[in-house]
A.B. asks: 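Quick one: the structure is below, questions incoming.
Just so it is clear, the model here is predicted, and its values are computed rather than measured.
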Amino acid sequence: MLDTINNTGARLATGAFRSSPIDSLLNIANIMPLHIKRQEIAMIFATKLARDRMIYSLNSYPSLLAIVEKNNINLKNILTSQLPVIPPWTSFPNIIDTSLTELPKNSTSSQVYIQNFKNTISQYSNYTEIYTDASKSENNVGITIIHKDEVITYKLPTECSIYSAEAIAILKAFEYALGKQNQNVIVLSDSLSAISSIANTHRPNDIAEKIRLLISSHLSKGNVVKIMWIPSHSSIEGNEKADMQAKHTASSTSLDITPLITS
């Protein structure tokens with residue numbers, strides 16, 4: 001019934017003849033066919049269930065489950081939501097260092113960046129440095145964590161955006177550091193957008209909220225943590241190495257995909 005009403009409305013709006021093909025009519029009117037819209041709504045609902053850790057409830061909706069399977073959606077790759085454990089009015093003092101953004105990217109040479117980076121990082125001489133980076137190719141997404149000579153790589157689902165990948169790299173870096181003995185940690189990333197989302201105390205996204213939770217865990221152990229923005233492609237050794245490894249991971253066909261679910 002709704003299809004008939006939808007099609008009639010499109011015909012009246014465009015002034016088309018009654019004999020006009022429905023598919024052509026909807027295309028001219030820029031209206032999504034309702035059977036596709038129903039699938040879109042169903043898939044959004046399914047991903048919300050997965051995000052809220054309620055995948056099991058899909059068994060009660062066989063038609064919904066059929067749509068998910070038909071469209072090859074792997075709900076296990078959906079990042080689960082994280083309930084805020086830190087009040088929004090609580091901030092982490094002096095954790096984020098974006099001082100290098102004061103240098104204009106377009107007119108600052110690599111030599112100037114390197115010198116300013118060395119001056120800044122010297123303030124954190126007693127911190128463990130962990131570099132992160134992400135890369136997205138046509139068919140793959142890869143992230144890398146660099147700690148001294150240790151290289152840790154993950155391949156993410158192709159649906160993952162470069163922003164999400166950069167944020168997940170920071171998340172994995174803090175997870176990695178939490179498993180070490182008590183130590184001060186500085187995570188260095190060239191993604192200003194990912195770092196800014198962590199600083200957003202009022203409306204952090206799910207990945208940022210998970211990172212904030214990990215930071216809180218570090219602080220409860222007595223660790224001091226920092227997140228520092230560094231410019232990409234500026235010959236900073238740790239960043240260049242992370243960038244190379246991330247690109248290699250994104251182009252590799254042998255690595256298994258890491259699910260985005262992080263408990």
Side-chain angles (χ1 to χ4, degrees), residues 86-136 141-148 151 160-177 183-216 218-219 223-247 250:
I86 302 167
W89 56 85
T90 301
S91 62
F92 297 122
N94 303 320
I95 279 185
I96 295 176
D97 186 337
T98 56
S99 57
L100 291 181
T101 60
E102 296 174 4
L103 300 172
K105 189 75 165 66
N106 294 334
S107 58
T108 303
S109 66
S110 295
Q111 291 78 9
V112 173
Y113 265 134
I114 291 173
Q115 187 57 52
N116 278 270
F117 168 73
K118 289 180 177 179
N119 292 339
T120 304
I121 202 66
S122 65
Q123 304 172 29
Y124 308 113
S125 57
N126 62 332
Y127 285 68
T128 297
E129 296 176 21
I130 302 178
Y131 293 84
T132 69
D133 208 351
S135 179
K136 184 177 177 70
V141 180
I143 63 174
T144 297
I145 298 166
I146 303 286
H147 173 227
K148 295 183 179 179
V151 179
C160 189
S161 67
I162 189 64
Y163 158 75
S164 295
E166 294 277 11
I168 291 170
I170 296 174
L171 173 73
K172 291 296 185 181
F174 278 117
E175 285 182 352
Y176 165 83
Q183 55 185 321
N184 299 336
V185 177
I186 181 167
V187 174
L188 301 104
S189 168
D190 61 16
S191 176
L192 187 59
S193 57
I195 293 175
S196 298
S197 69
I198 300 168
N200 184 347
T201 59
H202 293 282
R203 297 191 65 181
N205 58 44
D206 290 332
I207 306 175
E209 190 61 57
K210 289 177 182 291
I211 294 171
R212 288 167 59 81
L213 178 61
L214 279 170
I215 291 174
S216 180
H218 275 280
L219 296 179
N223 299 345
V224 180
V225 298
K226 296 282 184 180
I227 304 174
M228 180 179 174
W229 178 81
I230 51 178
S232 60
H233 310 299
S234 296
S235 300
I236 295 175
E237 184 178 358
N239 178 254
E240 293 296 320
K241 186 176 180 180
D243 176 67
M244 180 182 66
Q245 290 293 335
K247 288 178 178 176

A.B. asks: Check whether H218 reaches the backbone of F174 with its side chain - one donor and one acceptor, N or O, closer than 3.5 Å.
C.D. replies: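 Between the backbone of F174 and the side chain of H218 there is a qualifying donor-acceptor contact (under 3.5 Å).
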A.B. asks: Working note: K210 + D206, criterion salt bridge (Lys or Arg N to Asp or Glu O under 4.0 Å); need CA distance, chi angles, decisive distance, verdict.
C.D. replies: CA-CA 6 Å; K210 289 177 182 291; D206 290 332; over 6 Å; no
A.B. asks: Can you tell me how far apart OG (S197) and CD1 (I207) are? Round to the nearest 0.5 Å.
C.D. replies: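 If I round to the nearest 0.5 Å, the distance is 7.5 Å.
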A.B. asks: Of all the heavy-atom pairs spanning I170 and A194, show the shortest one and how long it is.
C.D. replies: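 Looking at all heavy atoms of both residues, the closest pair is CD1-CB, 4.1 Å.
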A.B. asks: Donor-acceptor pairs under 3.5 Å, side chain of residues 124-131 to any protein atom, not counting sequence neighbours: which ones?
C.D. replies:
{"from": "Y124", "atom 1": "OH", "to": "D97", "atom 2": "OD2", "distance (Å)": "2.7"}
{"from": "T128", "atom 1": "OG1", "to": "Q183", "atom 2": "OE1", "distance (Å)": "2.6"}
{"from": "E129", "atom 1": "OE1", "to": "Y131", "atom 2": "OH", "distance (Å)": "3.0"}

A.B. asks: Report the distance from atom CG of D133 to atom CE of M244, rounding to the nearest 0.5 Å.
C.D. replies: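 Between D133 CG and M244 CE, I get 11.5 Å after rounding to 0.5 Å.
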A.B. asks: Quick one: does Q245's side chain have a donor or acceptor within less than 3.5 Å of a partner on T144's backbone?
C.D. replies: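 No; zero donor-acceptor contacts below 3.5 Å.
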A.B. asks: Going from NE2 on H233 to CG on D243, what distance comes out if it is rounded to the nearest 0.5 angstrom?
C.D. replies: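 One finds 5.0 Å between NE2 of H233 and CG of D243.
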A.B. asks: Can you tell me if CD on Q123 sees more than 12 non-hydrogen neighbours from other groups inside 6.0 Å?
C.D. replies: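 Counting neighbours around CD of Q123, more than 12 heavy atoms of other residues, nucleotides or ligands fall under 6.0 Å, so yes.
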A.B. asks: Check whether Y113 reaches the backbone of L103 with its side chain - one donor and one acceptor, N or O, closer than 3.5 Å.
C.D. replies: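 At least one qualifying donor-acceptor pair exists.
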A.B. asks: What do the steps show when you test T132 against I143 for side-chain contact (heavy atoms from CB on, under 4.5 Å), and what is the final call?
C.D. replies: CA-CA 7 Å; T132 69; I143 63 174; over 6 Å; no
A.B. asks: First locate atom CG of N239, then atom CG of L188, and finally report the distance between them rounded to the nearest 0.5 Å.
C.D. replies: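 Between N239 CG and L188 CG, I get 8.5 Å after rounding to 0.5 Å.
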A.B. asks: How about Q115 and N119: does a side-chain donor come under 3.5 Å of a side-chain acceptor?
C.D. replies: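 The answer is yes; a qualifying pair exists.
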A.B. asks: Is any side-chain heavy atom of K226 closer than 4.5 Å to a side-chain heavy atom of V187?
C.D. replies: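 Result no, sub-4.5 Å side-chain heavy-atom pair not found.
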A.B. asks: Drop me the distance from R212's CZ to L171's CG, to the nearest 0.5 angstrom.
C.D. replies: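 If I round to the nearest 0.5 Å, the distance is 13.5 Å.
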A.B. asks: Check for a donor-acceptor pair, side chain of S234 on one end and backbone N or O of I236 on the other, with a separation under 3.5 Å.
C.D. replies: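 Absent.
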A.B. asks: On a heavy-atom basis, which atom in S99 and which in T120 lie closest, and how many Å separate them?
C.D. replies: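 The pair with the smallest heavy-atom distance is OG-CG2, 3.9 Å.
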A.B. asks: So, the side chain of D190 versus the backbone of I230: is there a donor-acceptor pair under 3.5 Å, distance only?
C.D. replies: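 It does not hold such a pair.
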A.B. asks: Hey, what do you get for CG (N223) to CG (N184), rounding to the nearest 0.5 Å?
C.D. replies: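 So the gap between those two atoms works out to 6.5 Å.
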A.B. asks: Looking only at non-hydrogen atoms, find the nearest pair between A199 and I96 and report the distance.
C.D. replies: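 Scanning both residues, the minimum pair turns out to be CB-CD1, 3.5 Å.
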A.B. asks: Donor-acceptor pair, N116 side chain versus V112 backbone, under 3.5 Å?
C.D. replies: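 Checking the backbone N and O of V112 against the side chain of N116, a donor-acceptor pair under 3.5 Å is found.
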A.B. asks: Mind running side-chain contact (heavy atoms from CB on, under 4.5 Å) on E166 and S193 for me, showing each step along the way?
C.D. replies: CA-CA 9 Å; E166 294 277 11; S193 57; over 6 Å; no
A.B. asks: Show the nearest heavy-atom pair for residues S235 and E240, with the distance to one decimal.
C.D. replies: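 Closest approach of S235 to E240: N-OE2, 3.3 Å.
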A.B. asks: Only one of I195, I121, T98 clears side-chain contact (heavy atoms from CB on, under 4.5 Å) with M228; which?
C.D. replies: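 Going through I195, I121, T98 one by one, the side-chain contact (heavy atoms from CB on, under 4.5 Å) with M228 is satisfied by I121 alone.
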A.B. asks: Does the side-chain hydrogen bond (donor to acceptor under 3.5 Å, both in side chains) test come out yes or no for S161 and S164, once each step is laid out?
C.D. replies: CA-CA 5 Å; S161 67; S164 295; 3.1 Å; yes
A.B. asks: Please check: side-chain N/O of T108 versus main-chain N/O of K105, any donor-acceptor pairing under 3.5 Å?
C.D. replies: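 Checked: no pair found.
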